[in-house]
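As the structure lists them, so they are numbered: ligands from 1, and atoms in each ligand from 1. The model shown is predicted, which means the values in this text are computed figures rather than measured ones.
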Amino acid sequence: MIAKIKQLLEEVETLKASNADELEALRIKYLSKKGAINDLMADFRNVAADQKKEVGMRLNDLKTKAQDKINALKDQFASQDNTACDLDLTRSAYPVKLGTRHPLTIVKNEIIDIFARLGFSIAEGPEIEDDWHVFSALNFAPEHPARDMQDTFFIEANPDVVLRTHTSSVQSRVMETAKPPIRIICPGRVYRNEAISYRAHCFFHQVEALYIDKDVSFTDLKQVLLLFAKEMFGADTKIRLRPSYFPFTEPSAEMDISCNICGGKGCPFCKHTGWVEILGCGMVDPNVLELNGIDSKVYSGYALGMGIERITNLKYQVKDLRMFSENDMRFLKEFEAAY
Ligand code: DAH
């Protein structure tokens, strides 16, 4: 009996089946009522009493191993079958992580979007510019003190080549080729020779807008400014214009909005005034129109320019300008939901 059990055990351990039918045949051969193991079980009562214990243990062991083996073979077929029939070609692929848009890009797109709805189209110009487009064509006289308002990066070998200090340079680029009506918005990077700190950087971003047509008035400008402020910062936003000076606009103004962090009540961000400055603007100086080949007796226009970092700070309260260029993933990920 023990020899028979050993033999069956050897057989069971090396069982192989290449399909479900073969497996079923094996199950019947070994484990069914009329199978080899049951036959042995039936013979068990004839085993001598002193051997019953050992034979019984071996028999049980054989039965368990046979069942385990058959189950293992069954699982193997099942998993193979699964691959075949669970192949769902319509299932979507694993999601691809696309990353996030940079906060400055999010805000830039928002600004562009608001102006696009007013009929402005995008114009771009080079970051490496010449003195003419950055200064001279915008009415900065050669020794004009306003040139000192902006610390400019010059190329030593050729002081005529500069990194643009403002996107107003695109105004002159467009005016020299396009005929009015001109209605453009110019987003881009600008450079100034500033020490880098939490509130200043040697490069930052601006958006410039320019509208030139017949009979453009300060009222048109004010209306666009109000609409922009409300769209960008919410319908309750108020604006206030303060007289200012820029060489390329006359009259010129700076626009404040009611502080959207404290709602105008006063907080550290608005230095407890309730107002924060967000842009410069004005009516295009007739000199600028003439310098760029546009008849100032026929046409007038307005221009405005703002820093994208400033607007982003107001919207998202980024306290340190350097965060915008350090590519810290923890910072960038905070804007995942913002677009
Ligand atoms: N270019 C100015 C600056 O960088 C901003 C500016 C002010 C742009 C007034 C304008 C404007 O178009 O009308 O500080």
With a 4.0 Å heavy-atom cut-off (strictly under), which part of L304 contacts ligand 1: side chain, backbone, both or neither?
-> backbone
With a 3.5 Å cut-off and no angle check, do the side chains of E11 and Y30 form a donor-acceptor pair?
-> yes
Part of R192 within contact of ligand 1 (heavy atoms, under 4.0 Å) | side chain
Rounded to the nearest 0.5 Å, what's the gap from OG on S169 to CG on L138? Could you check?
-> 7.5 Å
Considering only heavy atoms of G282, which atoms of ligand 1 have at least one such atom less than 4.0 Å away?
-> 13 (O)
Under 4.0 Å from any heavy atom of T249, which atoms of ligand 1 are there?
-> 13 (O)
Would you call Y302 a ligand 1 contact, heavy-atom distance under 4.0 Å?
-> no
Which one holds for Q171 and ligand 1: side chain close, backbone close, both close, or neither close, with close meaning a heavy atom under 4.0 Å?
-> side chain
Salt bridge (charged side-chain N to carboxylate O under 4.0 Å, His left out) partner of E110, the single match among R117, R101, K315 = K315
Candidate with minimal heavy-atom separation from atom 1 (N) of ligand 1, of S168, C186, S244 | S168
Decide whether E309 and H205 meet the rule of one side-chain donor and one side-chain acceptor closer than 3.5 Å.
-> yes
Indicate whether any N or O donor in one side chain lies under 3.5 Å from an N or O acceptor in the other, for T100 and E336.
-> no
Min heavy-atom dist Q206 to ligand 1 below 4.0 Å = yes
Any E254 heavy atom less than 4.0 Å from ligand 1 | no
Determine, using heavy atoms of M283 and all atoms of ligand 1, whether some pair is separated by less than 4.0 Å.
-> no
List every atom of ligand 1 that sits less than 4.0 Å from any heavy atom of C281, numbering the atoms from 1 in the order shown and giving each element.
-> 9 (C), 11 (C), 13 (O)
Hydrophobic side-chain clustering at under 4.5 Å (ILVMFWY, transitive links): who's grouped with F204? Put none if nobody.
-> V190
Residue pairs passing the side chain to side chain donor-acceptor pair (under 3.5 Å) test where at least one lies in residues 35-54, sequence neighbours excluded | E54-R58
Could you list which atoms of ligand 1 come closer than 4.0 Å to a heavy atom of A303?
-> 12 (O), 13 (O)
Any chance the side chains of D131 and S136 put a donor and an acceptor closer than 3.5 Å?
-> yes
